[in-house]
Amino acid sequence: MYVAVKGGEAAISNAHRLLADRRRGDRSLPAIGIEQIVAQLGLAVDRVMAEASLYDRALAALAVRQARGDMIEAIFILRAYRTTLPRFGYSKPVETGDMIVERRVSATYKDLPGGQLLGPTFDYTHRLLDPSLLTDEAVEAPLEREEAGEPVMRVSDILAGEGLVEDDGSLPNGHIAGDLTREPLEFPMARDLRLQALARGDEGFLLALGYSTQRGYARTHPFVGEVRIGAVEVELDMPELGFAVSLGRIQVTECQMIAQFKGSAKNPPQFTRGYGLVFGQSERKAMAMSLVDRALRAEEFGEDIVAPAQDEEFVISHSDNVQATGFVEHLKLPHYVDFQAELDLVRRMRREYEAAQNTDLPEAAE
Amino acid sequence: MSTADLATYNFAYLDEQTKRMIRRAILKAIAIPGYQVPFASREMPMPYGWGTGGVQVTAAILGPKDVLKVIDQGADDTTNAVSIRAFFQKVANVAVTTKTREATIIQTRHRIPEERLTAGQTLVYQVPIPEPLRFLEPRETETRKMHALEEYGLMHVKLYEDIARNGHIATTYAYPVKVEGRYVMDPSPTPKFDNPKMHMSEALQLFGAGREKRIYAVPPHTEVVSLDFEDHPFEIQTFDKPCALCGAENVYLDEVVLDDRGGRMFVCSDTDHCEERCSAGHRGHLAYDKEAAE
Amino acid sequence: MTLDTLAFAGGFKEPVFEAQAAFRTLMDCMARPGTIGRIDATVVPPAPLNATAGAIALTLCDHDTAVWLTPTLSRSALPGWLAFNAGAPVTEERQNARFAFVEKDAMLPNPSLFAQGTQEYPDRSTTLVVEIASFEGGRPLVLKGPGIRTEMEIAPVGLPDMFPHFWSENRQNFPRGVDLILVAGGELLCLPRTTALGVKEA
């Protein structure tokens, strides 16, 4: 049984056709390829992977193209795909200490084992539009140096050697890391789930919240212990084999924010930390995430909760841009049934108001 | 990357593990009428706020023998209703209908059909904000406690403040109800006109809120009472005129603006109900009369 | 067949559609307590679990649902069958069980020993799946509550004499409490925690 419905179907199909046309744009220009997007718009691809929580550059690039460059739309498309993928298992925690580092900077030490590596950064570029990019001018190959062979020690490990910074943090014995995408949210959250939510949270939202902590809304006196970008190995424990096998390498950005020290009668003073870890190269996101992570640990450190960035329910409930965009944009769906109900009430109240005014008038005249 | 590398989707889109999770939530929701069961809502291929909760509930219950009707604002031909219906035709190849009577599952946004639902039918509501106390208390941790303690004073205070300020309860849609004397429940943003239809309905009523990750239910033959006060009893909207097309009275009407000189007509919001009546020969004062035209 | 081979056979032949049909029966019966539904399943669980209870297990249980089994069922091939066909872990703790299965003629433990849910999360309670001999011929019980227009009568054979007492205790905890799915042969009926149960006066 099939019942054709008037109006809507044709309108939708025509809209999709027009959308496809606008997406392709001027047919006299070559279509942009997925490989080109991966290679030349890499940071857009990275953001889509990070906030969609799916590490696949080609699919992320496809989503960027399909979304006409609308990042949140691309994230949404990739998420909706991710959700249909079967779960084979949970990887072991990645070991960022063993990262093949492409960039690593620390603001807390002038020099440190492994050195300061600027890597492919916008920092210190002068933000002048570059006319050479209007054409496809040849680009020099990068300079590479021999690997020093020196381990790139994590700043947190350096400080931990002196006991001056808190540990990596531990979860209760037998705690199995939660999965935000498989369990309903419940507050208060354990830090593992909170970090998951932040890792897929909207970059702009976290940036604004992180910024707010710097401006006095829950100040934490942060220093970038280090930011590092590079490749880490992902390993999966295989119960059948009895050991972990490598699934390959992924690029991640990690930020260790060293923050306000704490001490008490029982514990000697030591620095606290905020943590950020994001797929791909996304320094701004990792730094903002670490600031917000630290702010959200207020209760753990007995700090007063006075600012939005410290409010777990507020931050986590509103950090997801796919949820946010859906609900904000749903306001354009028809609401005329409810509006009719409001209209009816306001008209009735207006009549009552006018009736009251009219009965008041003669009295006022007396 | 070829299209073959991309996903092929399961019947009704959701994978079986997700369906089981939703099905378990539905059974608990039925067992605790009006209580919001948390569920691990999935990302759907349509935006949050556009019916992802309703779509997940429908996808979890839908089978090959079902006949599906989808309405938005009471109408089968609103774009989002068309889009959701097309989704289920595509992913489940399900039979669809616009006739309330023929449907086994009716997914709705903002209305309950005018025609009385029958045993064996399931009404699936799309819910944006499932928590009736949310606008009084934004924190989930707090509202959960209030439900646990059956602490609904705040809601009564709010409604009473309305009366004090406006002389009326100023809530016209999403009007809170109490289910089986226990849980205060959001009926989804249906106009309060529809609230009485929820009471002792023959049909099973399921509510899905995707973004907020909640499922709740009202079983058939269950008490659903709109909150009110002795001196301000609950009352539904009334309309001065019948439907301009089919002449129906005691139905919910949409206001259609006809011109820029204040011309208005009022027509049934439930398009199926209106068409049924028209084809049965009922005529409103603005009905297009085919015979007369000829 | 050995215990091991029993564990791998007997799942749904058409998992998607059989699970859907079984669920719809369960949903309808949970929504209309006392109404007898039927699952025509191809499921063959290890004895002594009956096929209908087996179909319910495959419809609702998976990795996320710990299952409690009676001692007899624990000793059967059922734990392996559940692990292979549903991925469901077996727990000895009644309080951790999302589902509990009781075969025919086994002792029905007091429902209050199972997870009751909390006042905040009353859904986090055990659903009991209990096989009995028959839905006809026993002591008549009168059901009232949500899902029932006026009242329903059932006459199950195989529930303990204490059952009406257990059930009224269960109901007093509302919204906390267990929900019950009774199975007899290919048929089932549901008693959600809202259903009030009275012994019919002769």
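We name chains A, B, ... by the order of the sequence lines, and we start the count at 1 in each one.
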Visitor: Considering only heavy atoms, which portion of B/E202 lies under 4.5 Å from any heavy atom of chain C: side chain, backbone, both, or neither?
Guide: both

Visitor: Counting heavy-atom pairs under 4.5 Å with chain C, which one of B/E16, B/R20, B/M21, B/Q36 comes out on top?
Guide: B/R20

Visitor: Can you tell me if C/E120 uses its side chain to pair, donor with acceptor, with the backbone of B/K145 under 3.5 Å?
Guide: no

Visitor: Check the surroundings of atom CD in B/E150: do more than 12 heavy atoms from other residues, nucleotides or ligands lie under 6.0 Å from it?
Guide: yes

Visitor: About how many Å separate OH of B/Y35 and CZ of C/F174, when rounded to the nearest 0.5 Å?
Guide: 11.0 Å

Visitor: Just verifying a value: how many Å separate B/R144 CZ and C/T118 OG1, rounded to the nearest 0.5 Å?
Guide: 8.0 Å

Visitor: Is the side chain of C/Q20 donor-acceptor paired with the backbone N or O of B/I61 at a distance under 3.5 Å, no angle test?
Guide: yes

Visitor: Are there more than 12 heavy atoms of other residues, nucleotides or ligands under 6.0 Å from atom CD of B/E115?
Guide: yes

Visitor: Please say whether more than 12 non-hydrogen atoms of neighbouring residues, nucleotides or ligands are located less than 6.0 Å from CD in B/E151.
Guide: no

Visitor: Would you say that B/I32 contacts C/R193 through its side chain, given a criterion of any heavy-atom pair below 4.5 Å between the two side chains?
Guide: yes

Visitor: Does any backbone or side-chain atom of B/I105 lie under 4.5 Å from a heavy atom of chain C? Answer side chain, backbone, both or neither.
Guide: side chain

Visitor: I need the residue from C/H63, C/R98, C/M30 with the largest number of non-hydrogen atom pairs under 4.5 Å to chain B.
Guide: C/M30

Visitor: Under 4.5 Å heavy-atom distance to chain B, tell me which part of C/T127 shows up: side chain, backbone, both or neither.
Guide: both

Visitor: How long is the straight-line distance from CZ of C/F23 back to CZ of B/R24, given to the nearest 0.5 Å?
Guide: 11.0 Å

Visitor: Give the minimum heavy-atom separation between C/R32 and B/A203, together with the two atoms involved.
Guide: NH2-CA, 4.4 Å

Visitor: Between B/E180 and chain C, with a heavy-atom cut-off of 4.5 Å, which part of the residue counts as in contact: side chain, backbone, both or neither?
Guide: side chain

Visitor: Run the salt-bridge test on B/D66 and C/R24 with the 4.0 Å N-O cut-off and return the result as yes or no.
Guide: yes

Visitor: Would you mind telling me which of B/L204, B/T222, B/L27 has the largest number of heavy-atom pairs within less than 4.5 Å of chain C?
Guide: B/L27

Visitor: Pick one of side chain, backbone, both or neither for B/K65, based on which atoms fall under 4.5 Å of a heavy atom in chain C.
Guide: neither

Visitor: Does any heavy atom of chain B fall under 4.5 Å from the side chain of C/C61, the backbone, both, or neither of them?
Guide: backbone

Visitor: Write down the atom of C/T194, the atom of B/A31, and the distance for their closest heavy-atom approach.
Guide: CG2-O, 3.4 Å

Visitor: Name the region of C/R149, side chain, backbone, both or neither, that has any atom closer than 4.5 Å to a heavy atom of chain B.
Guide: both

Visitor: Could you tell me which portion of B/S201 (side chain, backbone, both or neither) has an atom closer than 4.5 angstrom to a non-hydrogen atom of chain C?
Guide: neither

Visitor: Check whether B/L206 gets within reach of chain C through its side chain, its backbone, both or neither, counting any heavy atom under 4.5 Å.
Guide: side chain

Visitor: Using heavy-atom distances under 4.5 Å, tell me whether C/L58 contacts chain B through its side chain, its backbone, both, or neither.
Guide: backbone

Visitor: Between C/R124 and chain B, with a heavy-atom cut-off of 4.5 Å, which part of the residue counts as in contact: side chain, backbone, both or neither?
Guide: neither

Visitor: Take atom CZ of B/R134 as the centre, draw a 6.0 Å sphere, and report whether it contains more than 12 heavy atoms from other residues, nucleotides or ligands.
Guide: yes

Visitor: Given heavy-atom pairs under 4.5 angstrom as the criterion, report whether the side chain, backbone, both or neither of B/I26 touches chain C.
Guide: side chain

Visitor: Could you tell me which of C/P122, C/P192, C/G145 has the largest number of non-hydrogen atom pairs under 4.5 Å with chain B?
Guide: C/P122

Visitor: Within a reach of under 6.0 Å around NZ of B/K158, are more than 12 heavy atoms found that belong to other residues, nucleotides or ligands?
Guide: yes

Visitor: Is chain B contacted by the side chain of C/F99, its backbone, both, or neither, given a heavy-atom distance below 4.5 Å?
Guide: side chain

Visitor: Counting only heavy atoms closer than 4.5 Å, note whether B/R182 contacts chain C via side chain, backbone, both or neither.
Guide: side chain

Visitor: Quick one: which of C/A19, C/A21, C/A31 has the most heavy-atom pairs under 4.5 Å with chain B, could you say?
Guide: C/A31

Visitor: Heavy-atom distance under 4.5 Å to chain C: side chain of B/A119, backbone, both or neither?
Guide: both

Visitor: Over all heavy atoms of both residues, which pair between C/M27 and B/I30 is shortest? Give the atoms and the distance, please.
Guide: CG-CD1, 3.7 Å

Visitor: Please confirm whether the backbone N or O of C/L60 pairs with a side-chain atom of B/R23, one donor and one acceptor, at under 3.5 Å?
Guide: no

Visitor: In terms of heavy-atom proximity below 4.5 Å to chain B, should C/S125 be classed as side chain, backbone, both, or neither?
Guide: both

Visitor: For C/D123, is it the side chain, the backbone, both or neither that has a heavy atom under 4.5 Å from a heavy atom of chain B?
Guide: both

Visitor: Going by an N to O cut-off under 4.0 Å, is there a salt bridge joining B/K19 and C/D62?
Guide: no

Visitor: With a 4.5 angstrom heavy-atom cut-off, which part of C/P15 approaches chain B: side chain, backbone, both or neither?
Guide: backbone

